[in-house]
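Quick notes on the structure that follows.
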Amino acid sequence: MMNIIPHSEIYKKFIVQEPQLFRFWNILTNEQKKELCSQLSKNSTLLLSLQNESRHNEPHAEERKFEPFGECAYSGNEENRKLGKQLIALGRVGCVLLAGGQGTRLQHKGPKGTFPVSLIKRKSLFQICGEKVKAAGLQAGRPLQLAVMTSEDNDIMTRDFFHQNQFFGLSPSQVSFFVQGSLPLLDSAGKPFLQTPWQLAMGADGNGNSLIYFAKAGLLKHWQTLGIEYMHVILIDNPLADPFDAELAGYHHRQKVDITLKCTEKVDPEEKVGVLVKQDGRCKVVEYSEMPTQEKYALHPTGKLKHCTTNLSLFCFSLSFLDKITWGPNQLPLHKAWKAAQYVDVDGNVCQSDKPMAWKFETFIFDWLNYTEKVAAMIYPRSECFAPLKNAKGNDSPETVHHAIQEMDKIIFREITQLPPPNFPFELAADFYYPTERLSAKWKNRQTDQNYVES
Ligand code: UD1
């Protein structure tokens, strides 16, 4: 019987331009051939534009002039906090957790959210977040909604992890999952390559399109039906991220803006964080990889860094804004980065490079700032909001994260008990982060001799 795959339009189209993709063609099964052709067919137009992008060898540096973004409020406003608590208690706030990234720098096999990170109980990043959502719900007196963005690579593992752990005490109806897309990777010559003998090398397409995937998965409509108006966005790799930050919600509501950014101050010019700038009268974020060196090191007359307002990719979005932007033809720019990747060697073995070897293309969530009418930013103390887990060792590693969580637990313990915190390693249960009146009354003036402190 004639095999139709080799003669398909796709095969004919690509065999001449991209013969490297058909190196193992003769030993593939029919199913595998179909898979490769269907992947090529889906990405055929896109490949051309990515190849075009990859020809510019440097990540595109900012060409237009920008100024520091100076219009920030500082956290610590009790009125905003009270208002935010009311909004959360009325069910008007939900949280989206971005967990689609690969976590290659952390060298952790499996979704980054499964990485055990807490000091005493070794709770995973997912557990820390799930338990916070539960505790915030207890404080609010109602179950709150969490939506988790996964990628094609980690979706099944992530859902399984939530199931195996009984959703960390949440009801399954409180947790939704949605999957982000992926884009082909290109080699140094701008060519697509294989990650298995029959699969194109692909990578998650960045956290920018999360809003579109959220809407397309039906979650925007679902949340609006539930009466949710504001969406907090947090990153999985920051265990100090607050999924239900009352002050942020209150401030956002009062400011009547499309997006509020939760920020902290940057002190190290080399820290790998984006910064807020003002360009053509608009707030935008310049990512660390695209910041010209001179601007990175430039100082303000006060001696602080000129661009010192850090983007943490922690936001509050108005769902009415999502309604405007997610259904239209809006497209975010693609940013490219030179990254490590999985590939197939000449003998057909699947290998993982430990050094960068491919162009990866991503959209960035903060590029939605270009579509806003009004934005606000609020600066928080770093110790209360930012402990990124990016690397296996050194900066932003489990060691620095343990320290940061311990410091935050000390702050909370002191706030609630009004006593000095224990002088031994300890960990607070999530309820302490969202104290109910009962918890506050019980723990006022109370010490502990436990390493794991339960409410
Ligand atoms: C990100 C910010 C940076 C900020 C820093 C703070 C972006 C684009 N950049 O940088 O401005 O200063 O955090 O820590 O947000 N993710 C997905 N899908 C993807 C890619 C990423 O869900 O395809 C998620 C990751 O799981 C991660 C987060 O987005 O939680 C950040 O992604 P990453 O690529 O690690 O950005 P950073 O370089 O850390």
Side-chain angles (χ1 to χ4, degrees), residues 59 69 95-106 108 110-115 117 125-126 128-129 147-155 157-158 177-183 185 202-214 233-241 243 259 261-277 283-291 296 307-315 332-340 360-369 377 380 382 385-391 395-397 400-401 404:
F69 182 79
C95 176
V96 167
L97 171 64
L98 301 182
Q102 280 172 317
T104 22
R105 283 182 279 166
L106 188 59
H108 172 61
K112 204 169 183 178
T114 61
F115 191 89
V117 83
L125 290 160
F126 280 137
I128 290 179
C129 177
V148 183
M149 185 175 84
T150 64
S151 63
E152 288 160 10
D153 283 341
N154 70 20
D155 182 59
M157 286 184 278
T158 302
F177 297 92
F178 63 105
V179 192
Q180 70 171 105
S182 55
L183 289 171
L185 304 182
M202 304 283 288
D205 62 354
N207 59 23
N209 285 337
S210 51
L211 306 188
I212 292 186
Y213 296 127
F214 174 80
V233 171
I234 62 172
L235 300 185
I236 188 57
D237 57 18
N238 178 7
L240 291 190
I259 306 179
L261 296 98
K262 181 166 172 176
C263 309
T264 194
E265 281 189 356
K266 181 174 178 179
V267 281
D268 172 3
E270 282 302 327
E271 186 180 20
K272 293 189 166 175
V273 286
V275 291
L276 270 63
V277 300
C283 173
K284 74 177 256 173
V285 171
V286 179
E287 189 63 317
Y288 55 90
S289 48
E290 296 175 0
M291 187 69 160
K296 212 178 346 181
H307 300 289
C308 66
T309 310
T310 296
N311 167 57
L312 302 175
S313 278
L314 300 175
F315 308 97
L332 293 181
L334 286 174
H335 300 255
K336 67 172 180 170
W338 188 236
K339 298 239 172 152
K360 186 165 193 264
F361 299 88
E362 294 189 331
T363 55
F364 291 167
I365 189 163
F366 48 71
D367 281 332
W368 288 113
L369 288 167
Y380 285 65
R382 180 176 284 250
C385 63
F386 192 40
L389 179 64
K390 309 276 181 192
N391 305 311
N395 287 345
D396 304 339
S397 65
T400 59
V401 167

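Order of listing sets the numbers, starting from 1, for every ligand and every atom in it.
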task = Return the minimal non-hydrogen interatomic distance between Met202 and Ser182, and the atom names on each side.
result = CE-OG, 3.5 Å
task = Determine the interplanar angle of the His108 and Phe115 rings, folded into 0 to 90°, and report it as parallel if under 30°, tilted if 30 to 60°, perpendicular if over 60°.
result = perpendicular
query = Is there a donor-acceptor contact under 3.5 Å linking the side chains of His335 and Glu287?
reply = no
task = With a 4.0 angstrom cut-off on heavy atoms, strictly below it, pick out the residues next to ligand 1 and order them by chain and number.
result = Leu98, Ala99, Gly100, Gly101, Arg105, Met149, Gln180, Ala204, Gly206, Asn207, Leu235, Ile236, Asp237, Val273, Gly274, Glu287, Tyr288, Asn311, Ser313, Phe364, Phe366, Phe386, Lys390
remark   = CZ (Phe178) and CD1 (Ile212) are apart, to the nearest 0.5 Å, by 11.5 Å
ask   = Do you see a donor-acceptor pair shorter than 3.5 Å between the side chains of Gln180 and Asp205?
value = yes
ask   = Taking side chain as C-beta onward, heavy atoms only, is Ser210 less than 4.5 Å from Val96?
value = no
